[in-house]
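Nothing here was measured: the structure is a model prediction, and the numbers come from that model.
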Amino acid sequence: MSTAAVLRRPKTGTSSDIAIDCNVNKIFYGNFLAVRDSAVPIEKGKITGFIGPSGCGKSTVLRSLNRMNDLIPGFRLEGKVDFLGQDIYAKGIDPVVVRRYIGMVFQQPNPFSMSIFDNVAFGLRLNRFKGDVEEKVEHALRRAALWDEVKDKLKASGLSLSGGQQQRLCIARAVATEPTVLLMDEPCSALDPIATRRIEELMLELKKDYTIALVTHNMQQARRVADVTAFFSVDISKGGRTGFLVEIGDTNNIFDAPETELTKQYIRGEFS
Ligand SMILES: Nc1ncnc2c1ncn2[C@@H]1O[C@H](COP(=O)(O)OP(=O)(O)OP(=O)(O)O)[C@@H](O)[C@H]1O
């Protein structure tokens, strides 16, 4: 069976509510133990927010969900990450195919130095899409709430757009190939408050069609958009700096009735 055949999209009515079942025992960069003991189920159709102090491993865990960390020399994961019940780190699974189903939007908007149209069409062409590219590009730009602003200048460079528009272009690029899950690594950190609000509104709109995992430094953002929040912290007890999951639960519970003292302290702003 081919890899593409192995990685299926979720069907309605499947028994599990989990899109990605992430069970990290350990993640290393070389000899450095960056993250330990983090079981983070990413529920279908929800936004799961990752919060926690700098260096607690939020991005590392997020990037493990679509094998983006494979690109980093020395990266090693002990544990299991299942996408719709299939181990994405299993032998024979092509990370490129994994990333087609589990797309990513980065902190810095990173449109390619090409036209708006070509930015969105990029993944389609890469995947040798045989259908109507123009229709797909328009659909993706509409999904990213950018169509009205760019429909008359599709040949202009993606780099000519504002920061917020560029980030929406990157979201359009990510959704053009119709992934199942979108990983968003601090997608608003380079944006002003108005552009941030637009992206937050967009995330709430996108979750109707996509499962989203979101790393954010901004606790208020997690509170505004995340259905589920995972709080990570850093363990310095053994002389290292190892991130770990403290707790995960409904966002309201994490913010209003957290189970651990550590979460309470973080939510109260006692450390950052
Ligand atoms: N490419 C890398 N090579 C080596 N160590 C890394 C690499 N990327 C991250 N780390 C280390 O792994 C740990 C977790 O980093 P990570 O970026 O995942 O944390 P984070 O919670 O996302 O941090 P921040 O909020 O500051 O972005 C940190 O100690 C970091 O220095």
Side-chain angles (χ1 to χ4, degrees), residues 1-46 48 50 55-106 110 122-130 173-185 209-215 228 230 232 235 240 242-245 248:
M1 198 186 301
S2 75
T3 306
V6 169
L7 286 166
R8 298 180 306 268
R9 291 172 188 285
K11 296 185 190 103
T12 48
T14 48
S15 53
S16 172
D17 293 332
I18 306 301
I20 304 180
D21 197 8
C22 164
N23 285 286
V24 167
N25 296 334
K26 291 176 178 164
I27 295 177
F28 293 91
Y29 291 110
N31 293 327
F32 173 62
L33 176 59
V35 180
R36 65 164 173 81
D37 304 321
S38 297
V40 190
I42 306 296
E43 290 183 52
K44 287 178 191 167
K46 291 191 177 177
T48 301
F50 292 11
C56 67
K58 304 180 292 294
S59 295
T60 294
V61 173
L62 188 85
R63 294 163 62 97
S64 301
L65 303 181
N66 72 345
R67 296 193 51 176
M68 201 55 93
N69 282 328
D70 286 20
L71 307 171
I72 299 172
F75 166 80
R76 183 160 56 88
L77 179 140
E78 289 178 11
K80 204 157 178 274
V81 180
D82 285 348
F83 170 58
L84 307 174
Q86 299 154 93
D87 180 357
I88 64 166
Y89 285 88
K91 220 173 156 196
I93 295 284
D94 180 352
V96 175
V97 177
V98 171
R99 290 177 209 134
R100 194 158 89 208
Y101 290 95
I102 307 173
M104 189 138 198
V105 176
F106 298 89
N110 60 345
F122 187 84
L124 297 168
R125 289 175 176 148
L126 199 68
N127 294 327
R128 297 196 174 84
F129 175 69
K130 297 277 188 303
R173 189 174 67 197
V175 300
T177 52
E178 294 179 14
T180 298
V181 181
L182 271 182
L183 308 179
M184 305 182 101
D185 194 351
D209 295 321
Y210 305 97
T211 298
I212 296 176
L214 165 75
V215 167
V228 174
F232 296 79
D235 180 1
T242 299
F244 66 104
L245 179 76
I248 179 167

| task | Using modelled atom types only, decide if a donor and an acceptor are shared between the side chain of Asp94 and the backbone of Val96 within a distance under 3.5 Å. | result | yes
| query | Measuring from Leu182:CG to Ile212:CD1, what's the distance to the nearest 0.5 Å? | reply | 5.5 Å
| remark: On a heavy-atom basis, the closest approach of Ala230 and Val40 is CB-CG1, 4.4 Å
| remark: By side-chain contact (heavy atoms from CB on, under 4.5 Å), Ala176 pairs with (sequence neighbours left out) Val120, Leu124, Ala140
| note | Closest non-hydrogen atoms of Cys22 and Val61, given as atom of the first, atom of the second and distance, are SG-CG1, 4.1 Å
| query | Among all residues two or more places apart in sequence or in another chain, which pass the side-chain contact (heavy atoms from CB on, under 4.5 Å) test with Ala39? | reply | Asn23
| message | For residues 73-84, which residue pairs pass the side-chain hydrogen bond (donor to acceptor under 3.5 Å, both in side chains) check, not counting sequence neighbours? | response | Arg76-Glu78, Lys80-Asp82
| said: Restricting to ring pair (Phe, Tyr, Trp, His ring centres under 6.0 Å), what partner residues turn up for Phe122, sequence neighbours left out? | reply: Phe112
| said: My understanding is that only residues two or more places apart in sequence, or in another chain, count here; which of them pass salt bridge (Lys or Arg N to Asp or Glu O under 4.0 Å) with Arg63? | reply: none
| remark: Separation between OG1 (Thr211) and CG (Asp17), nearest 0.5 Å, reads 10.5 Å
| said: The criterion is salt bridge (Lys or Arg N to Asp or Glu O under 4.0 Å); which residues satisfy it with Asp70, sequence neighbours excluded? | reply: Arg67
| request: Quick one: list whatever passes side-chain contact (heavy atoms from CB on, under 4.5 Å) with Arg128, sequence neighbours left out. | output: Lys130
| Closest approach of Pro179 and Gly103, non-hydrogen atoms and distance? | CB-N, 3.9 Å
| field | Separation of Glu43 CD from Asp21 CG (nearest 0.5 Å) | value | 10.5 Å
| note | Hits for side-chain hydrogen bond (donor to acceptor under 3.5 Å, both in side chains) against Ser59, two or more places apart or cross-chain, chain-then-number order -> Asp185
| Nearest heavy-atom pair of Ile93 and Asp87: which atoms, and what distance? | CG1-O, 3.7 Å
| With sequence neighbours excluded, what pairs up with Thr48 under the side-chain hydrogen bond (donor to acceptor under 3.5 Å, both in side chains) test? | none
Side-chain atoms of residues 25-32: list all donor-acceptor pairs with protein atoms under 3.5 Å, sequence neighbours left out, distances to 0.1 Å.
{"from": "Tyr29", "atom 1": "OH", "to": "Thr60", "atom 2": "OG1", "distance (Å)": "2.8"}

| note | When every non-hydrogen atom of Phe232 is compared with those of Lys58, the smallest separation belongs to CD1-CG, 4.3 Å
| Partners passing salt bridge (Lys or Arg N to Asp or Glu O under 4.0 Å) against Asp209 (at least two apart in sequence or in another chain) | Arg143
| task | Show your working on side chain to side chain contact (heavy atoms under 4.5 Å, CB included) between Leu84 and Lys44 and close with a plain yes or no. | result | CA-CA 10 Å; Leu84 307 174; Lys44 287 178 191 167; 3.9 Å; yes
| said: Counting C-beta onward and ignoring hydrogens, is there a side-chain heavy-atom pair between Val181 and Leu65 closer than 4.5 Å? | reply: no
| said: Quick one, Ile102 and Met68 - any side-chain contact, counting heavy atoms below 4.5 Å? | reply: no
| request: Find the distance between CG (Leu245) and CG (Asp37) and round it off to the nearest 0.5 Å. | output: 9.5 Å
| request: Working to the nearest 0.5 Å, report the span between CZ of Phe83 and CD1 of Ile42. | output: 12.0 Å
| message | Distance alone, cut at 3.5 Å: any donor-acceptor contact between the side chains of Ser64 and Asn69? | response | yes
| message | Quick check: do Val228 and Pro41 have side-chain heavy atoms less than 4.5 Å from each other? | response | no
| What's the spacing between Arg100 CZ and Asn66 CG if we round to 0.5 Å? | 13.5 Å
